[in-house]
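Take a look at the structure set out below.
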Number of protein chains: 2
Amino acid sequence: MSWNLNSDRPIFQQIIEHLELEIVQGVYEPGQKLPSVRELAAQATVNPNTMQRALSEMERMGLMHSERTSGRYITEDESMIKTLKKELAGGEISRFLEQMRRLGYSGEELLDILKEEMCKGEEK
Amino acid sequence: MSWNLNSDRPIFQQIIEHLELEIVQGVYEPGQKLPSVRELAAQATVNPNTMQRALSEMERMGLMHSERTSGRYITEDESMIKTLKKELAGGEISRFLEQMRRLGYSGEELLDILKEEMCKGEEK
DNA sequence: TTTATTGTATTAAGTGATTAGTACAGTAAA
DNA sequence: TTTACTGTACTAATCACTTAATACAATAAA
């Protein structure tokens, strides 16, 4: 999947979200070795320093760990990945419901719109 | 409503989104006079320059217009406000569905979760 | 007329994100 | 041993956003 980084928000944050998504999706499996910092930076067309910052942050979160000279690896703790998925989904849902409520959409109205919108998406 | 500005994204963008929401909500009605730049800046505890930037941008969008010395007024074009509401909602919906799809949630799964989550919200 | 308020413009300073470039220590492979 | 690759650290420069501090012209109100 392409990185799709823009200048609206800090790039290192977008990188974190991108990698979190790929971990949840299983693009990177538990325990799997990641490409090197320089390799990832090249893929994302980003400065190695920026990629390093994102990876360090994810390491701090416990999502990966580095072996100093051998490389960097995804956590082997599958429950942590499941938890991550639920947290990401929960955040999306609560933000979405809150925002739609603010825009003035009631619960039933919202479900109707969503059903309709989801049918549209299926036609593609 | 409080402004709830953070440093994650440019403040002037957050101000724009906040005011767009208040216009859609009818906090500011079509044709209504807005507080002065300095007054709004004080309310949001933000520099007047930053507020000015946000307001100029919304003026460029056609959502408001300034009368040079008398003050600044919301557009009287109600259809523009309706359109704004639909655009904001449409953006929220498509972003949400896309993100949940990426996280691996199917359509039916999503509707079930939403129904459950909406019931939780009603209990409060 | 005088006063206060309006939107607007300008300059300077500070901050955080990003890039560029370089460097170092540890290790696996040749 | 030598070579290449690993994560990591550091400095400098640039850019956008924000704040601060003024300033000015136009107008409504006193």
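This structure is a prediction, so every number in the text was calculated from the model and none was measured. Chain A is the first sequence line, chain B the second, and so forth, proteins listed ahead of strands; every chain is numbered from 1.
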Presence of salt bridge, B:E57 and B:R60, under 4.0 angstrom: yes
Residue pair B:R95, A:E92: steps toward the salt bridge (Lys or Arg N to Asp or Glu O under 4.0 Å) verdict: CA-CA 10 Å; B:R95 253 192 305 276; A:E92 291 292 332; over 6 Å; no
Whole-Å gap separating P (D:dT22) and CG (B:N47): 13 Å
Qualifying ring pair (Phe, Tyr, Trp, His ring centres under 6.0 Å) pairs with a residue from residues 76-105 of chain B, counting only residues at least two apart or across chains: A:F96-B:F96
d(CG, A:N49; C1', D:dG7) in whole Å: 12 Å
Interatomic distance where CG belongs to B:L40 and C1' belongs to C:dT6 [whole Å]: 13 Å
Base C:dG7 paired with B:R68 side chain (donor-acceptor, <3.5 Å): yes
Protein-nucleotide distance (B:K33, atom NZ; D:dA28, atom C1'), rounded to Å: 9 Å
Whole angstrom value for the distance that separates P of D:dC17 from CG of B:L5: 16 Å
Which nucleotide in C:dT10, D:dT8, D:dC17 has an atom nearest any side-chain atom of B:F12: D:dC17
Residue of the set B:E22, B:E20, B:Q14 for which side chain to side chain contact (heavy atoms under 4.5 Å, CB included) holds with B:H18: B:E22
Distance in angstrom units between B:R60 CZ and C:dT8 C1', rounded: 18 Å
Comparing A:E39 and B:V46 on DNA chain D - which has the more 5′ nearest nucleotide: A:E39
Under 4.0 angstrom between B:S36 side-chain N/O and C:dT6 OP1 or OP2: yes
Sugar-phosphate, base or nothing in reach of B:R72, heavy atoms under 4.0 Å: sugar-phosphate
Distance test, side-chain N/O of B:S70 to OP1/OP2 of C:dT5, below 4.0 Å: no
Under 3.5 Å: donor-acceptor pair, side chain of A:K33, backbone of A:S70: yes
Presence of A:S66 side-chain N/O under 4.0 Å of D:dT8 phosphate oxygens OP1/OP2: yes
d(CD, A:E57; C1', C:dA17) in whole Å: 14 Å
Which residue lies more 5' along DNA chain C, comparing A:T69 with A:Q13 via nearest heavy atoms: A:Q13
Spacing of B:E67 atom CD relative to C:dT5 atom C1', expressed in whole Å: 15 Å
Touch class at under 4.0 angstrom, heavy-atom based, for B:Q52 against every strand present: base
Phosphate-side-chain proximity, A:R53 and D:dT8, N/O vs OP1/OP2 below 4.0 Å: no
Position toward the 5' end of DNA chain D (nearest nucleotide), B:R38 or B:T45: B:T45
